[in-house]
Amino acid sequence: MAVRVQEEDFDIGRELAALTAGNHAIGGLGVFVGLVRDIAGGQSVSAMSLEHYPGMTERQLEEIEREAHARWPLDASLIIHRVGDLAPGDNIVLVACASAHRQAALDATGFLIDWLKTRAPFWKREDTPDGARWVDAREADDTAAARWG
Amino acid sequence: MAVRVQEEDFDIGRELAALTAGNHAIGGLGVFVGLVRDIAGGQSVSAMSLEHYPGMTERQLEEIEREAHARWPLDASLIIHRVGDLAPGDNIVLVACASAHRQAALDATGFLIDWLKTRAPFWKREDTPDGARWVDAREADDTAAARWG
Amino acid sequence: MKLMYFAWVRQRIGAASETVEAPAEAATVEGLVAWLKTRGPGYAEAFKDTRAIRYAVNQEYVEPTHPVASGDEVAFFPPVTGG
Amino acid sequence: MKLMYFAWVRQRIGAASETVEAPAEAATVEGLVAWLKTRGPGYAEAFKDTRAIRYAVNQEYVEPTHPVASGDEVAFFPPVTGG
């Protein structure tokens, strides 16, 4: 279990290799990577800035990760979330779960990103031709999180 | 869309970077990596060998990939499957799907690996203390594939 | 009591955090909000629609009826949009 | 007609592939299996439980009743176990 909030980019290959290294009980690794899109809500986005609540962010991410381990038999998991100024195409978030079996790995990965999106205190501000705007929370994200009960 | 069957290992970081490079419409990347376990069916596994049906394998993988693109709005996808002699901890398969939205990326990834497991002509032989044995197909894999309809 | 503001709540109030001595009637999160709204137009603007605000006391989510005490860290922010 | 065998079907028969001239009555996949079983103990062993066998004609999955013709590539193998 590991949680990191950082301004720097992450190296996906290196992070995943470290996550599974030496544990030959792992049969499946589920991964989700979120990236900055250059269009959102029909408007072009030239840059994005991510604000967060230091301290509470890490607590929430750790709590979400503990919940995933309580629900699925995971060998390892990782959440990395970037903050600060980002550009289209940049990595935002990496979520990964390793398990003996693929279904647990993939389900736990979906659960982590769904819960993160509704509980972890991050806020996105996008630069558009009409100026900067705070991204509105999406009802679809609440629905996605709710299906995990 | 790309499908590869190869003996060599794959570099996950490089493959995923190539998959999303230059396409800033991508907001989410779903990934599954299958690895060789050192235990299966309660027995220790010292080595694994993967046989396949050259020609039919690629056709089936391409068909499965086309089906995923018909079901979800994907920007890119990739399936790499290794064959030949493997050891515990080695990568077996990489499946990745990129989309504007995370749910499509993750669902398509789950679909691809579930269908691959029941339709792509690969066969695993494991070396155990009792000798080599062909891995039996699991009913759970049929059930997993069937839920996609 | 330490108050923290994030995203557009922070921008409307014009501060990321402040340390206040809240009056006795501000004994819950919603009591605190009612008092903050009297402190100036930025506060009134930030809290004009409280359905759009989420609350945390000591870094845990709470309901508006949750009690607050002098040593608490109380945060106000919009629904989260990370990931 | 080209026949291909994989995994334990290949091992029991002792060949990965062969080119045969099947008799006229072997006009379907199951007809072909019935004829193959007469060709030796390895074939009989491989096909003793056909519920455990899958069939492909020209690299597409087919049912046992599927017709086969002289130019076809017909493959016999156990349920797949990749991934």
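Chain naming here is simple, since letters A, B, ... match the order of the sequence lines and numbering starts at 1 in each. Every value quoted in this text rests on a predicted model; they were computed, and no experiment measured them.
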So which of [options] has the largest heavy-atom pair count under 4.5 angstrom toward chain C?
options	answer
A:Ala120, A:Gly34, A:Ser49	A:Ala120
A:Val135, A:Leu116, A:Ile79	A:Val135
A:Arg59, A:Arg82, A:Gln60, A:His52	A:Arg59

Tell me, side chain or backbone of C:Arg54 under 4.5 Å from chain A's heavy atoms, or both, or neither?
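When you check distances to chain A, no heavy atom of C:Arg54 falls under 4.5 Å.
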Using heavy-atom distances under 4.5 Å, tell me whether A:Asp142 contacts chain C through its side chain, its backbone, both, or neither.
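Answer is neither: A:Asp142 stays 4.5 Å or more from chain C.
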Using modelled atom types and a 3.5 Å cut-off, is there a donor and acceptor pairing between side-chain atoms of A:Asp38 and backbone atoms of A:Val45?
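Judged by distance alone, no pair lies under 3.5 Å.
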Closer than 3.5 angstrom, by distance alone: can the side chain of C:Thr38 be matched with the main-chain N or O of C:Trp35 as a donor-acceptor pair?
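Indeed, once roles are kept as given, a pair shorter than 3.5 Å links the two residues.
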Ring pair (Phe, Tyr, Trp, His ring centres under 6.0 Å) partner of C:Phe77, chosen from A:Trp123, A:Phe122, A:Trp134:
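That would be A:Trp123; it is the only one of A:Trp123, A:Phe122, A:Trp134 passing the ring pair (Phe, Tyr, Trp, His ring centres under 6.0 Å) with C:Phe77.
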Using side-chain heavy atoms (C-beta onward) and a distance below 4.5 Å, is A:Pro121 in contact with C:Phe6?
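In short, these two side chains do not touch, never coming nearer than 4.5 Å.
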For the residue pair C:Lys48 and C:Glu45, establish whether any side-chain heavy-atom pair is separated by less than 4.5 Å.
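C:Lys48 vs C:Glu45: side chains touch.
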